[in-house]
Structure formats: structure tokens, C-alpha cells
Amino acid sequence: MSGDHSHNDSQIDSGSRHNDSHKHKDKYKDKEHKHKDHKKDKEREKSKYSNSEHRDSSDKKHRDKDKERLKLKDGSSDKQKDKHKEKKKEERSFDGKPKKEKENGFESPFIKSEPENNDFYHSPKHEKSLKRELKKGEAVTDGKKKAKKEPEEKWKWWEEERYTDGVKWKFLEHKGPVFAPPYEPLPSNVKFYYDGKHMKLSPGAEEVATFFAKMLDHEYTTKDVFRKNFFKDWRKEMTSEEKSKLTDLNKCDFSEMSEYFKAQSEARKAMTKEEKLKIKAENERILQEYGFCVMDNHKERIANFRIEPPGLFRGRGDHPKMGMLKRRIRPEDIIINCSKDSNHPKPPPGTKWKEVRHDNKVTWLVSWTENIQGSIKYIMLNPSSRIKGEKDWQKYEMARRLKKCVDRIRAQYREDWKSKEMRIRQRAVALYFIDKLALRAGNEKEEGETADTVGCCSLRVEHLTLHQEMDGQEYVVEFDFLGKDSIRYYNKVPVEKRVFKNLQLFMEDKEPEDDLFDRLNTSILNKHLQELMDGLTAKVFRTYNASITLQQQLNELTTSEDNVPAKILSYNRANRAVAVLCNHQRAPPKTFEKSMQNLQTKIDAKKEQLADAKRELKSAKADAKVRRDEKSKKAVESKKKAVQRIEEQLMKLEVQATDREENKQIALGTSKLNYLDPRISVAWCKKLGVPIEKIYNKTQREKFAWAIDMAEKDYEF
DNA sequence: AAATTAACTTAGCAGGTTTGGA
DNA sequence: TCCAAACCTGCTAAGTTAATTT
């Protein structure tokens, strides 16, 4: 059964070809109104990325200061520098120990083997060469010509030892968050009307009104829940006078505000090059100042150093809290996390942080509590950072460990289908779904706080329909529910008789809104998984099945004889199989039909061109036969080349069309970034001679640097 | 043992930027 | 050189899981 997920082909596209039977008519149109809020004027910078890579002199001071401070607190760093040089590639393994030391071959460092070095506080780890990186930066500054390309020596954290216990870092210094720009009151000629009469709003009320005005074009501002929530929260910001006057949202006229913002955004687009450049430069400056931190001697990129600006909350799907006011975050809301001996970030003048703490058992730099759900938000590091990379690597190692014992686990749950205990049967069937269908665990959620979505353990009777027989197949289960992000999961799956019978049993005497697995929750399930394999949880199955599927599909679909575009098509198809398995859907791009048409037009044109070229070739040949001179021979050759070139172009276009059509409502990004062991892709590239750049863009290569560096062509997941 | 909280991963979309073909 | 399309990045919501509290 391993890796057999072909049935999933039908789950996404209601109208697609290999999907004869089910005609569900997209009753869940949730995607249409998914969060489209944040309208703000984000002039984004062209991010420069990468830790330790080229930086300019503006940054030098900061750097040098770091260098000095680091030197002070750690005089040893230089000496340690080359410590790992001699390590050989083949010997790298997850725990950084030479393979032969790991007798059983199972051991993975993250699975807390006996910490051979309890003295981690003084371990040499991470204490090498910030200096080296910094030097490079300088070299680039005056090196000029090759400045950008310079293959910087990057820090290979994966060649170093890792912390074995809960410690995440020993040194952490950063500049704190960047706050949202303060509210700028509207010019007085932009008016708000209530019941047809002009009304000047107080600044507080006006700001919230602008949030609504900016969203006016979105469908969701017409939704009852949205309007109700918005109006309630808006009133809280009004003066008592406003409160008594403004009693009906329907009488509010935001159109001038809305027009004003549209005009603003037009004006922004129409800015001159210089103005745009200036903004870009300013963003770059902010990035350089706030976008990096120093963690354990290395300068690392921060993922989200800007605090989320205030606005109206738009949850995904049918969210009960849509329209509520997301309040502005102030320094007094902010908790700073950094090391004691670092230069603490300073709050803006006249303000204070809520707290400064020094917790090196966590990875975040800044946190605050958000007011909609009361949850905590964090500022953390970029995926290219050591701390994220190690975790990612660890995740795939866990999935590979599952690979080794998945047969045993499968045998086990199949056995459990027969258990006399209901809770065990439920657990076993749920696990079967998680394994076979890559469903998420499915925690229970507080009703009325969030959109009504489910995962495996929280499935309800109403989400399944059992078909004794359907389309010539026996024991078909039809799933139809909203999962994470209110993305619909629709699938018809033939299951084993025993599973089917169990489901009938679980559904007996229940109402549609009752839990399918009433004796099970994620905590019980994960505890059980923990017993089956150390560190095993429900989500590991998703990672495992995704990665193993990619590997299998790549093996099946690709031949070394193919040319590169064909190989890439195959790669995308393998990636697509995973995305389908994981139900990673997207709304078809708004311009899909049109762009498809355009492409078809191009293809037709190219076909004509090809026909013409062939005709010309033919006549040139005939000509050459008669004339038998050099010149006409040459002409034949060039015509031949032309035909070839056009054929190639045509092929490319056709491949593109296929790829695009197949990808209409499937999102590849999520699986690529989160579920597929990058070493599989790296190995595949090496084996088939496909440049890695064709598979991973710059950002992705930074995130997966560890895999690119360590995977050889024979890597096996 | 249930509920809550904290930390961290996973998710799709908007909209800007770059690319490549006419 | 222009334009559509592809690509990419930021954004932030929504999950999972483990730890902690009640």
C-alpha cells in the first residue's frame, strides 16, 4: 500500500477529465473571499537576503561593533574557526558524528541520544567565524565588479554540532521590531457623510473608518457578520457624540475616502523613477538596520521584523470574527527576547517595552498578544537561518525514521481494526486516514471563535458518505469537509471492507453533527504514535507520504534521455502529485482562461511558422539537388536549423500549456517548501543534470542550502 | 484529565518585480 | 521596447504539538 495515492487524482478539480463521476458543484465558494485585506501601501524593498552575504558599507559600523563585542565576550572564537574543516562529506550525518559511531544506524541527534557533551554552554559550537563572514562583506564593498556574484563562503551550520537539550542559542542581539507607521489623518477635503450629511470624525474614529473604506470593493464588506463586527468595534473608537449620532452603518458613506485611497495608489504607481528609488533605498536601509540579528556569532536574517499594522480582521472562510478591529500594537505591548549580555533594543523615545526577557530556550526575538483571538504573535528568523534550518532537517529525518517502521505501524493499525475496544478501532481507522489520505490531525476548536473546519480526529458524521458500491468499486467513502484555511477537501476513496464496516459502526445512531471518532482526539492519537515510534506525531505522516511520493514519482516519470524542459515538466508533475495528495489548492488565477487562450494562439502561430519553415526547407533541398553548389547547401543547412529551432520552441510552448492546464487549481509552493525533503530534489537534479536553479529559486536555495550542500546524486529519502 | 497557553510550522493570496517573447 | 505572464516576497491566518495550569 505504500505510496498508493493515485485515487487522489480526482479530489480537486470537479470538472477535470479523470474525474468522471463526481459532479459536486463547488458549493463552497469560500476561496473567493479569502483574506484580501491588507491593502496598505507597501512599498517593498528588493530584499537582499542571505546571512553573511554581500552588504554595503552603510552596514559596516554595526558589523564592526558586533565583531568587537563578540570578541570581548568570546575570545576563543578565532581559535575555533577551522575546527570542522577536516570533516568529510560522507561522514556527515544528522548528529554530526561520524557514521560508524552510531551503532544501530537509527540514531538521530534530535532524538536525544545521551548527550555526550553536557557542557554545551562551553561547547565550541557556533563560535567560529563570524569574522570570516564579515571580512567577506568588506571585500565585496571594494571589490566592485564581481561584487554581486562572488560565491561567498557561507556558514555551514549543518557541519557543526547542535545543541542537544532545549537551548536554542547562547547569544542573541537585535534591534527590536519596526512599528507600523502612525496614522495620517485625511486631508480636510476628503469627507465622510452620515445619512447624506457631512460629518467630521475624530481621529480615532476616522482611522477605523479608513480601514473599512479601503476594503469597500471587497465582497466581504457586504457580509452581515463582517459589518456587525466592524460597526461594534468602530463604535468603541468613537467619541460619545459620534456614538450617539452614528447608529446605522448603512447610513455611512465612505465613498470619498475610498476614492481618495484609490487615487493615492494611482499616484504611487505614477511616481517618478527617482521617487521610487528613494523609497526603495529607505526600505533597504530599514532592512539593514532591523532585518538582521546576531545569533551565536552569526548574522542572521529575520523573517518578519515589521509589526502587523492595525486593520480589520478578515479570517479565512466563514469566520465569526471577520470585520473586528485589529488594534495597533504599541511598544508597551511588546516583549523583547534577547541575551543579557547583548545590546538591548531600545523602545521608541518616550515609550517602554512591556518586558525584556532572556529566554534562550525559545527562538523568538519579539512577541505580542494579538487582540482578535488573544494569541501570541512572534518575530522569528528567516528560513535560511540555522535555527530554522536545523528544525527543518530534523523534520525530514523524523519522516525517514518513519519510513523504516511504517510497515510495522501499518500492520499494527490494520490489526487494530479488529480490536474489541471501540477506542482502539477508532484510533486505527483515523490513523489509516492520516496515512492513506495525508489528513491533518484535527484538533478540536472552540465553537464560535473560529471558522468551522475539521481535520481527521474532528471529522463529523456529516462529512462522510458511505457507498457500499459506487462506479464499479466496492466500499467507497466520500469525504466532503472544510479543512485548514477553509479549503474544501473532497475525495472518494475505496477502502478496505473492514474500514468500511467500522465506519458504519462509528456512524450508527449518530446525528450528522456528531463526532465520527467520539472516543478519540489528537492528544490520544499522538500519545499512541509516540509509543509506536519515538517522536512520531500525526503530522510526520504527511511529511513522510509527501516526500516518498515525490521520490517515487520522480523515479517513475523521469528519464535521462529527456531534455531539460521535459524533465522539469516531470518534476512539476511529481510535485503536483504531492500537492494533490496534500490537498494544496488554489483559486484558479483570475486571468487563467485568457492566458490559456493566448498561449493557444501562440501555439497555433508557431505551428504555422513550422509548416512554413518545413516548406522552405523542402524547396531549399530541391534547389540544392539541382544546383549542387556550396551556397545552396548552406541554405539547406540553415533552413534545417530553423526548422529545428521552431520545433523546439513549439515543444516548449506545448509543454508549458500542459503544465499550466494541469496546474490550474493546484498550488505547488506549499509542498515544495514544507513537505518535500529537499535532498530528494537535489539528488534528482544531480542525477539528471538539471541545474538546481530550475527547481529552486534564490530564496529557496537559501532555505535549502544545507540540502544542496550535502545531498549527492544517490541520496535516498 | 481537561483546559489553556506557548511555540513553532503550514497556508494561500495580494501585489510588486522580473522575465521573455513579439 | 512593450506587455502579459511568471515569479517572488511579504503578509498574516490557521494549523499542530508539547508544556503548563487548573
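The sequence lines fix the lettering, A, B, ..., with proteins before strands; numbering per chain opens at 1.
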Q) Under 3.5 Å, is there an N or O donor on one side and an acceptor on the other linking the side chain of R542(A) and the base of dT16(C)? A)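 Looking at the base of dT16(C), it does not pair with any donor or acceptor on the side chain of R542(A) (distance under 3.5 Å).
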Q) Rounded to whole angstroms, how far apart are CZ on R316(A) and C1' on dC11(C)? A) 9 Å
Q: Output yes when at least one side-chain N/O atom of H584(A) is less than 4.0 Å from OP1 or OP2 of dA11(B), else no.
A: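 Indeed, a polar side-chain atom of H584(A) lies that close.
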Q: Look at K664(A) together with E593(A) and state whether they make a salt bridge at an N to O cut-off of under 4.0 Å.
A: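 Salt bridge flag = yes for E593(A) with K664(A).
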Q) So what does A538(A) hit on the nucleic acid, given a heavy-atom distance under 4.0 Å: a base, only sugar-phosphate, or nothing? A)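 Sugar-phosphate contact only - A538(A) comes under 4.0 Å of backbone atoms but never of a base.
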Q) Considering only dT17(C), dA7(B), dG12(B), which nucleotide approaches the side chain of V362(A) most closely? A) dA7(B)
Q) Which residues pass the salt bridge (charged side-chain N to carboxylate O under 4.0 Å, His left out) test with E693(A), sequence neighbours left out? A)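 Once residues adjacent in sequence are excluded, E693(A) has no partner under the salt bridge (charged side-chain N to carboxylate O under 4.0 Å, His left out) criterion.
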(Q) Expressed as a whole number of angstroms, how long is the span from K484(A):NZ to dC13(B):P? (A)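 From K484(A) NZ to dC13(B) P: 13 Å.
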Q. Which nucleotide in the set dA7(B), dC8(B), dG12(B) lies at the smallest distance from any side-chain heavy atom of I376(A)?
A. dA7(B)
(Q) Distance check needed: dA6(B) P versus N443(A) CG, whole Å only. (A)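 These atoms are roughly 17 Å apart.
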Q) Does T369(A) or N521(A) map to a spot on DNA chain B nearer the 5' end, using the closest nucleotide for each? A)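 Its nearest nucleotide lies further toward 5', so the answer is N521(A).
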**Q.** Which residues share a side chain to side chain contact (heavy atoms under 4.5 Å, CB included) with E648(A), sequence neighbours left out
**A.**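 None.
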Q.
What's S375(A) touching, base or sugar-phosphate or nothing? Going by heavy atoms closer than 4.0 Å.
A.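 If one applies the 4.0 Å heavy-atom cut-off, S375(A) turns out to touch nothing in the nucleic acid.
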Q. Just to confirm, is there a sub-4.0 Å distance from OP1 or OP2 of dA13(C) to any side-chain nitrogen or oxygen of Q373(A)?
A.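 For dA13(C), neither OP1 nor OP2 has a side-chain N or O of Q373(A) closer than 4.0 Å.
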Q | Sequence-distant partners of R327(A), salt bridge (charged side-chain N to carboxylate O under 4.0 Å, His left out), two or more places apart | A |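 For R327(A), the residues satisfying salt bridge (charged side-chain N to carboxylate O under 4.0 Å, His left out) (neighbours in sequence not counted) are D333(A).
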Q.
Short of 4.0 Å, heavy atom to strand atom, which residues of residues 668-678 of chain A count as contacting DNA chain B?
A. T670(A), N674(A), Y675(A)
Q: For G455(A) and for S595(A), find the nucleotide of DNA chain C with the closest heavy atom, then tell me which residue's nucleotide is more 5'.
A: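 On the 5' side of the pair lies S595(A).
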Q | For atom CG of L653(A) and atom C1' of dA22(B), their distance in whole Å | A | 12 Å
Q: By nearest nucleotide on DNA chain C, pick out whichever of N304(A) and T450(A) is the more 5' one.
A: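 Its nearest nucleotide being more 5', the pick is N304(A).
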Any protein N or O atoms within reach of nucleotides 18-22 of chain C? Criterion: under 3.5 Å, listing atom names and distances.
none

Q.
Is it the case that dT9(B) (base atoms only) and K539(A) (side chain only) share a donor and an acceptor within less than 3.5 Å, ignoring hydrogens and angles?
A.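 By the distance-only test, no, there is no pair.
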(Q) Taking 4.0 Å as the cut-off, does a side-chain nitrogen or oxygen of K377(A) come that near to OP1 or OP2 on dT12(C)? (A) no
Q. How would you list, by chain and number, every residue that makes a side chain to side chain contact (heavy atoms under 4.5 Å, CB included) with A441(A), sequence neighbours excluded?
A.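 If we apply the side chain to side chain contact (heavy atoms under 4.5 Å, CB included) test to A441(A), skipping adjacent residues, the hits are T522(A), A538(A).
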Q | Strand DNA chain B in bracket notation, Watson-Crick/G-U under 3.5 Å with | for pairs to another chain | A | ||||||||||||||||||||||
Q | Partner residues of M651(A) under the side chain to side chain contact (heavy atoms under 4.5 Å, CB included) criterion, sequence neighbours left out | A | N563(A), V655(A)
Q: Kindly say if K602(A) contacts the phosphate of dA5(C), meaning a side-chain N or O under 4.0 Å from OP1 or OP2.
A: no
**Q.** salt bridge (charged side-chain N to carboxylate O under 4.0 Å, His left out) partners of R573(A), counting only residues at least two apart
**A.** E662(A)
Q.
Angle between ring planes, W706(A) versus W157(A), binned at 30° and 60°: parallel, tilted or perpendicular?
A. tilted
(Q) Mind checking if G374(A) touches a base, just sugar-phosphate, or nothing, with heavy atoms under 4.0 Å? (A) nothing
Q: Specify the separation, in whole Å, of atom CZ of R488(A) and atom P of dG12(B).
A: 16 Å
Q) Where the side chain of F313(A) is defined as all heavy atoms beyond and including C-beta, which of dC8(C), dA7(B), dA14(C) is the nearest nucleotide? A) dA14(C)
Q. OP1, OP2 of dA14(B) versus side-chain N and O of H218(A): anything below 4.0 Å?
A.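 Checking H218(A) against dA14(B): no side-chain N or O falls below 4.0 Å of OP1 or OP2.
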Q. After noting the C-alpha distance and the side-chain angles of R679(A) and D677(A), does the key distance pass the salt bridge (Lys or Arg N to Asp or Glu O under 4.0 Å) rule?
A. CA-CA 5 Å; R679(A) 291 167 294 183; D677(A) 183 343; 3.0 Å; yes
Q. Once you round it to whole Å, what is the distance between C1' of dT10(B) and CZ of R440(A)?
A. 7 Å
(Q) I'd like to check the side chain to side chain donor-acceptor pair (under 3.5 Å) partners of N598(A); sequence neighbours left out, ordered by chain and number. (A) none
Q.
So D392(A), base contact, sugar-phosphate only, or nothing? Heavy-atom distance under 4.0 Å.
A.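 If one applies the 4.0 Å heavy-atom cut-off, D392(A) turns out to touch nothing in the nucleic acid.
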Q. Atom CH2 of W368(A) to atom P of dT12(C): distance rounded to whole Å?
A. 8 Å
Q.
Let me spell it out: for each of K276(A) and Y378(A), pick the nucleotide of DNA chain B with the closest heavy atom. Which residue's pick is nearer the 5' end?
A. Y378(A)
Q) Over how many whole Å does the gap from D452(A) atom CG to dA13(C) atom P extend? A) 20 Å
Q.
Side-chain N or O of T453(A) versus OP1/OP2 of dG15(C): is the shortest distance under 4.0 Å?
A.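 Indeed, a polar side-chain atom of T453(A) lies that close.
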Q) Between F481(A) and Y489(A), how do the two ring planes meet: parallel, tilted or perpendicular, split at 30° and 60°? A) parallel
Q | Minimal non-hydrogen separation, I302(A) against M380(A), with atom names | A |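 Reported closest heavy-atom pair: CG2-O, 3.4 Å.
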Q) For the side chain of K606(A), counting heavy atoms from C-beta on, which of dA22(B), dC13(B), dG12(B) is nearest? A)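 It is dA22(B).
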Q.
Going by the rule salt bridge (charged side-chain N to carboxylate O under 4.0 Å, His left out), which residues pair with K703(A) if we only count those two or more places apart in sequence or in a different chain?
A.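 Scan of K703(A) (salt bridge (charged side-chain N to carboxylate O under 4.0 Å, His left out), adjacent residues dropped) gives none.
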Q) So, is N697(A) close to the dC7(C) phosphate, meaning a side-chain N or O under 4.0 Å from OP1 or OP2? A) no
**Q.** By side chain to side chain contact (heavy atoms under 4.5 Å, CB included) - contacts of R440(A) (at least two apart)
**A.**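 Applying side chain to side chain contact (heavy atoms under 4.5 Å, CB included) to R440(A) gives K484(A), R542(A).
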